[in-house]
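Pasting a structure below so you can have a look.
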Protein chains: 2
Amino acid sequence: MRRTKAQQRQDTTHALVTEARTLFARHGYAAVSLADIVDGVGLTKGALYHHFDNKAALFHAVVEQVQSEVAARVVAAAETSDDPWLRLTAGCEAFLRASADPDVQQIMLVDGPAILRWHEWRTMDEAASGQHLSEALAELIEQGTIPEQPIAPLTHLLSGAMNEAALWLAQSTRPRDLDDTIVALSRLLDSLRHPKLT
Amino acid sequence: MRRTKAQQRQDTTHALVTEARTLFARHGYAAVSLADIVDGVGLTKGALYHHFDNKAALFHAVVEQVQSEVAARVVAAAETSDDPWLRLTAGCEAFLRASADPDVQQIMLVDGPAILRWHEWRTMDEAASGQHLSEALAELIEQGTIPEQPIAPLTHLLSGAMNEAALWLAQSTRPRDLDDTIVALSRLLDSLRHPKLT
DNA sequence: CAGTTGACATACCGATGGTATGCGACCTAC
DNA sequence: GTAGGTCGCATACCATCGGTATGTCAACTG
């Protein structure tokens, strides 16, 4: 049962992040104490503070994990097609479905902006799923599918729309709501490549 | 200096809510202690707990105040016209401008969903600005300006888009971003009444 | 194998949200 | 108008929690 130090370090940090993720997702950041987390892994606060600067730093690691998983699912969905437009719509739909996960809900969308100050949260979100969204939009503009326009505002409008929709869907009881939302989102996206007739 | 008890009660609660709002908006909910709040008003925690069940209840009252102000501004903007479509767009634009207020930012959009559990926050937001949005959409469907479709998903998509856009605009340095966002939002809204040509 | 570093545990502290209780000003009933 | 009750608030206190200081034993390094 001899373990190398590097492996031991990786094991404990991973265990802490995993346990923290479970508790944060279930009860919310504020309602989870560090004692709850370390007890669940059979460690003490000394171990936690050896690997993380403070509670927020541990939460940061959890958010990184969750966001990377969401980003992976979005990318996987987008890569199923070569057509930039289909990649955009597929990515958006994949994001909505991924956000149905309660972990994503509470950690990424509810506690994330409040615990990490909003700017830091935005930076992380940008680096994860937001990145692909703005890239997809840029590509569509470049190839002339949607008209020339500033990308940043559009990215935030769409990203915010999907975030809020995901939160709403989480507590919705009617299964139809998910489909209705995807349809409504598709309509909005479609409007980009069928600009209004003036 | 005799005050009736009812007035005294109203005065102190109002003072507490006002002071709490200032501090919550400036430093965020978690960073403000109850001692900070009562010191600023010249009272003690005893007074606070006589009027509010706990810290979250005080925050709830603050959110109610902020949301009612935002709703008032939205309604005022919407009432300038009789045309349902103009009332929708004017309301949306007014919401975006109202959300530029740092109080609205931090309290309503960042801390709100995390402190009040999301469902409660959503209920309050629904009762305030969200109400007018869905009513406006319903009216437009009824009069045939936009096609028949489920209202709830659309409401949440648009509401989320504006919330996120407001947060982004708050830390944006370029003044043009606000105008660009309003334009982009108008495009999305316009797509509702100029459905895609199939 | 000696000395150092790293991975934790233990013990402790200050701050903070929350509670129990006491007191004086106001209000009501007679 | 005054006695008893209620209300508005202060004081004192408690438990918990995030964070720190320090000790200890295993693992690495020369």
Side-chain angles (χ1 to χ4, degrees), chain A residues 1-24 26-63 107 111-112 114-117 120, chain B residues 1-24 26-63 107 111-112 114-117 120:
Chain A
M1 68 167 277
R2 278 281 183 78
R3 289 184 304 173
T4 177
K5 279 201 170 179
Q7 180 132 25
Q8 186 173 354
R9 178 179 188 89
Q10 181 182 337
D11 287 352
T12 47
T13 57
H14 182 265
L16 286 170
V17 169
T18 301
E19 180 72 13
R21 172 174 173 165
T22 304
L23 295 176
F24 285 156
R26 181 146 47 207
H27 306 108
Y29 176 84
V32 174
S33 75
L34 298 183
D36 293 336
I37 298 173
V38 294
D39 283 358
V41 198
L43 293 174
T44 65
K45 281 198 293 181
L48 197 157
Y49 275 93
H50 181 71
H51 295 287
F52 299 95
D53 284 346
N54 47 38
K55 190 182 179 183
L58 174 60
F59 181 75
H60 187 105
V62 171
V63 173
I107 294 172
D111 281 332
I115 304 310
L116 320 171
R117 299 296 273 187
E120 189 181 0
Chain B
M1 67 166 281
R2 277 281 183 79
R3 290 182 304 174
T4 177
K5 280 204 170 177
Q7 179 131 26
Q8 186 174 355
R9 178 179 188 88
Q10 181 181 338
D11 287 352
T12 46
T13 56
H14 182 265
L16 285 170
V17 169
T18 301
E19 180 72 12
R21 170 174 175 166
T22 305
L23 295 177
F24 285 156
R26 183 147 45 206
H27 306 108
Y29 177 84
V32 175
S33 74
L34 299 182
D36 293 337
I37 297 174
V38 294
D39 283 358
V41 198
L43 293 173
T44 65
K45 281 198 292 181
L48 198 157
Y49 275 92
H50 182 70
H51 295 286
F52 300 94
D53 284 345
N54 46 38
K55 190 183 179 184
L58 174 59
F59 182 74
H60 186 107
V62 171
V63 173
I107 294 172
D111 281 332
I115 305 309
L116 322 171
R117 300 293 275 187
E120 189 181 0

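Residue numbers start from 1 in every chain, and the chains themselves are labelled A, B, ... in the order their sequence lines are given, proteins ahead of strands.
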Distance, rounded to the nearest Å, where B/I37 contributes CD1 and D/dA10 contributes C1' = 18 Å

Out of D/dC9, C/dC8, D/dC17, which has the shortest distance to the side chain of A/T12?
-> C/dC8

C/dG6 phosphate, OP1 or OP2, under 4.0 Å from A/H51 side-chain N/O = no

Rounded distance in Å - NE2 (B/H50) to P (D/dT11) = 16 Å

Of the non-hydrogen atoms in A/E120 and A/L116, which two are nearest, and what is the gap between them?
-> OE1-CB, 4.0 Å

Grab the NE2-C1' distance between B/H27 and C/dA15 for me, whole Å please.
-> 17 Å

Looking at B/V17, B/T22, B/L43, B/V32, which one forms a side-chain contact (heavy atoms from CB on, under 4.5 Å) with B/I37?
-> B/V32

From the options C/dA7, D/dG18, C/dA9, select the nucleotide whose nearest atom is closest to the side chain of A/R9.
-> C/dA7

Distance below 4.0 Å between A/Q8 side-chain N/O and C/dC8 OP1 or OP2 | yes

5' precedence on DNA chain D between A/G46 and A/A35 (nearest-nucleotide basis) | A/A35

Closest to the B/K55 side chain, choosing from D/dG8, D/dG19, C/dG18 | C/dG18

Are any of A/T4's side-chain N or O atoms less than 4.0 Å away from OP1 or OP2 of D/dA27?
-> no

Side chain of B/A47 only, please: which of D/dA10, C/dC8, D/dC28 is the nearest?
-> D/dA10

For the residue pair A/Y29 and A/F24, categorise the inter-ring angle as parallel (less than 30°), tilted (30 to 60°) or perpendicular (more than 60°).
-> tilted

Which nucleotide in the list C/dT16, D/dT11, D/dC17 gets nearest to the side chain of A/S33?
-> D/dC17

May I ask you to verify whether the side chain of B/K45 and the base of C/dG17 hold a donor-acceptor pair under 3.5 Å?
-> yes

